[in-house]
Amino acid sequence: MRIWTWNVNSIKAHFEQVSEWLKVEKPDVVCLQEIKCETPNFPAAAFEEMGYSCAVHGQKTYNGVALLARGKIENVATGLAGDEADEQARFISATVFGNGRPVTVASLYLPNGNPAPGPKYDYKLAWMKRLKAKAQELLATEEAFVLTGDYNVIPALADMKRPEAWVNDALWLAQSRAAFQEIENLGLTEAFRALHPNEVAYSFWDYQAGAWPKNNGIRIDHALLSPQAADRLIAARIHRDARGHEKPSDHVPVEIELVD
DNA sequence: ATGCCGGGCGAAGCCCGA
């Protein structure tokens, strides 16, 4: 089972590229972030024609996450517990099936948090605590699950081209990394780094200042796997070529492959 | 680079992203 995550920076603006890539690569599950549309405006019919079921947690203008999967999608849940006032559409989870073996998959868009310090950073850290609680709840089931998406966290020095540019940034601040590490330390595996301990690879390049031609990138799109999912992990890939397309998203797809 | 690009909204210019 191949599971993709892709922050598409508006599904309306980048639908053509996304659908072309899905037709060629045929991933089994696709987690989308920043769809930037309300649920009724998501192009579900077009994805269904391509063989996918869809579960969407949309929002006007900002955020928005979705799950596509070949076969059925069950137990769809949206949002994270712990803040009744939170109206930002950043989390959707569901059960998907590969050869009959169920996997719980979540598509998440973790808050950026800049400027830090400030209310946006407080929201980011609080959101990470809520995500940790969700991970703890899922771990108690002792089943395979994958929490994947745009984490907006640079885990280590090796995950950025220009560390000096990020010293005071919410994506790199010690508290952000510590919160990410806390979730990993529950017993989750960050798939790409686990399989490629020494590889320098990025998943985001800013649109500005020639970041892409200079390869001035960061790695912030991740997949965290429960032990039962990590046991099935056989590959992790970053599709960096997607960034070179005409009119691309600023993020590229990150893929993991599990034994069916 | 407290935004250089790019998207949304909405029809100019501001908000937001990382």
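Below, chains carry the letters A, B, ... as their sequence lines are ordered, and counting in each starts from 1. Every value quoted in this text rests on a predicted model; they were computed, and no experiment measured them.
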- Query: Whole-Å distance between B:dG6 C1' and A:Lys12 NZ?
  - Reply: 15 Å

- Message: Please give the distance between the P atoms of B:dG13 and B:dT2 as a whole number of Å.
- Response: 24 Å

- Query: Quick one: A:Asn168 CG to B:dA1 P, roughly how many Å, whole number?
  - Reply: 12 Å

- Item | A:Ile218 or A:Ala13, whichever maps to the more 5' nucleotide of DNA chain B | A:Ala13

- Message: Please report the distance, rounded to the nearest Å, between CD1 in A:Ile35 and P in B:dG8.
- Response: 12 Å

- Task: Go through the side-chain N and O atoms of A:Gln33 and A:Ser107 and say whether any donor and acceptor fall under 3.5 Å apart.
- Result: yes

- Rounded distance in Å between the C1' positions of B:dC14 and B:dG3: 13 Å

- How far apart are the C-alpha atoms of A:Arg219 and A:Glu190, what are their side-chain angles, what is the distance that settles it, and do they pass the salt bridge (Lys or Arg N to Asp or Glu O under 4.0 Å) test? CA-CA 12 Å; A:Arg219 194 175 68 91; A:Glu190 196 260 273; 2.9 Å; yes

- Message: With rounding to the closest Å, how many angstrom separate the P atoms on B:dG10 and B:dC15?
- Response: 15 Å

- Could you walk me through whether A:Asp83 and A:Tyr123 pass side chain to side chain donor-acceptor pair (under 3.5 Å), step by step? CA-CA 10 Å; A:Asp83 181 358; A:Tyr123 175 67; over 6 Å; no

- Task: Figure out the CZ/C1' separation between A:Arg243 and B:dG6, and round it to whole Å.
- Result: 10 Å

- Separation of the P atoms in B:dA12 and B:dG17, to the nearest angstrom: 25 Å

- Query: Just checking, any donor-acceptor pair under 3.5 angstrom between side chains of A:Asn7 and A:Glu34?
  - Reply: yes

- Message: Between A:Trp205 and A:Asn215, do the side chains contain a donor N or O and an acceptor N or O under 3.5 Å apart?
- Response: yes

- Task: Kindly assign one of parallel, tilted or perpendicular to the pair A:Phe180 and A:His222, based on the angle between their ring planes and the thresholds 30° and 60°.
- Result: tilted

- Mind calculating the distance between CD1 (A:Ile11) and C1' (B:dG7) to the nearest angstrom? 13 Å

Check nucleotides 10-17 of chain B for protein N or O atoms closer than 3.5 Å to its own N or O atoms and list the pairs.
from   : atom 1 : to       : atom 2 : distance (Å)
B:dG17 : OP2    : A:Lys120 : NZ     : 3.3

